[in-house]
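The structure appears below as structure tokens.
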Amino acid sequence: MAQTYLVTGAAGFIGSHSVEWLLERGCRVVGVDNLRTGHLENLAVARLSPHFEWALADAGDETTMRALFEQHRFAGVLHLAALVSVPESFRDPALNYRLNLATADGLARLCLEFECKRLVFASSAAVYGTTAALPNRESVTPQPQSPYAAAKLAAEVMLLGYAASYGLEAVCLRYFNVYGPRQDPGSPYSGVLSIFTDRFRRGLPVTVYGDGEQTRDFVSVRDVARANGEALLATEIVSGRYNVCTGRAVSLNRVLAIYRELFPGAPPAEYAAARIGDIRHSLGDPALLRDMLRFDARTPFTQGLRELALEN
Ligand code: UD2
């Protein structure tokens, strides 16, 4: 019989794509989400599958999670549930601690108790902070610059400590700038491509903070979902921290040029002062994950952006 996997944060942007990837592979999936920032509509496709079970719950609610572990004997856990907003982590560090660190620790201990061997954890390129040398490699000392990044890094350390102590297989995936369908454009601090897409589609001008020459390593959510799934299913993995990135830097001005071709009548972008604390360049080295999983983020950026911009 197909094995069953737990996905926390299943109704989120990355979660819902990851659930679909696993279902397409013939896995059974139990998806948990408290719908704090996730949306049930994101699971519309998944919920049509007889292999998907939906649970409205907080991944940090030990009683509920214990009951799910008892019932299903998971083959692996993909832990994506999180407080996803960096500014919110500044406003409420206690909540950030609970959602981004304590929940990961609680799930890891349930894995140990119920002999679920593998836990894949959603970490972030934010852990690198202001490290100077680019591209970011996993071997550098991280320098978190926010409560969010600090909690993600602390969770990595906890999980890898359990890996060393008890043999848990812990894969910490450091996502770079993930983009694609279902990313919520609702706040000024949402991912820039979700905001730009929303505004171009509505014929509204976008705001570029700074000169537009800042660069990011934009990775398609479809590639991220595949990285998550492969990290969960691969027979041989090595516990550790791995970048999920393309290794290619794209400037916001380049992004604008692509949008301009897609939306020729759009109003010109407005340039405003750079955001305080903004990072100028962010770029990851994809070599380590390639070596372990033979994983490559293969969606060409122009194609990924076109699909996002023109989807229904
Ligand atoms: C932040 C977070 C990251 C993640 C990401 C959302 C840190 C260290 N990292 O990274 O964890 O949450 O956001 O994808 O805080 N920009 C504009 N106009 C807009 C919006 C953004 O010019 O309307 C600029 C922004 O100033 C920045 C770049 O676009 O230079 C990328 O912004 P972002 O918020 O998408 O991502 P980033 O890398 O700052």
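Remember, it's 1-based here, ligands and their atoms both numbered in the order they're listed. What you see below is based on every heavy atom in this structure, not just the backbone, and it leaves out hydrogens, waters and symmetry mates.
- Judged by distance alone, with hydrogens and angles left aside, the side-chain atoms of His17 form a donor-acceptor pair with the main-chain N or O of Pro181 at under 3.5 Å.
- Residues Phe13 and Val221 form a side-chain contact, since some pair of their non-hydrogen atoms from C-beta on lies under 4.5 Å apart.
- Every atom of ligand 1 is numbered from 1 in the order shown, and the set under 4.0 Å from a heavy atom of Gly191 is 6 (C), 14 (O), 35 (O).
- For the pair Thr8 (side chain) and Leu80 (backbone), a donor-acceptor distance under 3.5 Å is present.
- Looking at Val178 against ligand 1, nothing comes within 4.0 Å, counting heavy atoms.
- Among all non-hydrogen protein atoms, the one lying nearest atom 10 (O) of ligand 1 is Asn177 ND2, 4.0 Å.
- Side-chain N or O atoms of Asn253 include one that pairs as donor or acceptor with a backbone N or O of Asp211 at under 3.5 Å.
- Counting heavy atoms under 4.0 Å from ligand 1, residue Val192 touches it through both backbone and side chain.
- Under the 4.0 Å distance rule, the nearest protein heavy atom to atom 1 (C) of ligand 1 falls outside the cut-off.
- Checked by atom type and distance alone, the side chain of Arg280 never pairs as donor or acceptor with a backbone atom of Glu213 at under 3.5 Å.
- Taking the side chain as every heavy atom from C-beta outward, Phe69 and Glu113 never approach each other to under 4.5 Å.
- When Lys152, Glu270, Arg216, Arg275 are ranked by how near their heavy atoms come to atom 37 (P) of ligand 1, first place goes to Arg216.
- What sits closest to atom 3 (C) of ligand 1 on the protein, heavy atoms only, is Val86 CG2, 4.4 Å.
- Here the side chain of Gln214 pairs a donor or acceptor atom with the backbone of Tyr209 at under 3.5 angstrom.
- Protein heavy atoms come within 4.0 Å of atom 30 (O) of ligand 1.
- Here the rule is side chain to side chain donor-acceptor pair (under 3.5 Å) with Tyr175, and of Asn243, Asn228, Asp217 only Asn228 fits it.
- The cationic group of Arg174 lies under 6.0 Å from the six-membered ring centre of Tyr128 and within 45° of the ring axis, placing it in a cation-pi geometry.
- Scanning the protein for heavy atoms near atom 13 (O) of ligand 1, the closest one is Tyr189 O, 4.7 Å.
- At the top of the distance list for atom 24 (C) of ligand 1, counting protein heavy atoms only, stands Leu252 CD1, 3.6 Å.
- Nearest protein heavy-atom contact of atom 22 (O) of ligand 1 is Tyr209 N, 2.8 Å.
- At a heavy-atom cutoff of 4.0 Å, ligand 1 is contacted by the side chain of Phe196 but not by its backbone.
- Side-chain atoms of Asn96 come within 3.5 Å of backbone atoms of Pro147 as a donor-acceptor pair (strictly under, hydrogens ignored).
- If you number the atoms of ligand 1 from 1 as listed, the ones under 4.0 Å from a heavy atom of Asp278 come out as 25 (C), 26 (O), 27 (C), 30 (O), 39 (O).
- Checked against a 3.5 angstrom limit, the closest N/O atoms of Ala126 and ligand 1 fall outside it.
- Atom 12 (O) of ligand 1 has its closest protein heavy atom at Val84 O, 4.1 Å.
- Taking any N or O of Gln183, backbone or side chain, none lies under 3.5 Å from an N or O belonging to ligand 1.
- By the 30° and 60° cut-offs, the orientation of the rings of His72 relative to Phe74 is parallel.
- Close contacts of ligand 1 with Thr207, meaning ligand atoms under 4.0 Å from a residue heavy atom, involve 17 (C), 18 (N), 19 (C), 22 (O), 23 (O).
- Less than 4.0 angstrom separates some heavy atom of Val208 from each of these atoms of ligand 1: 22 (O).
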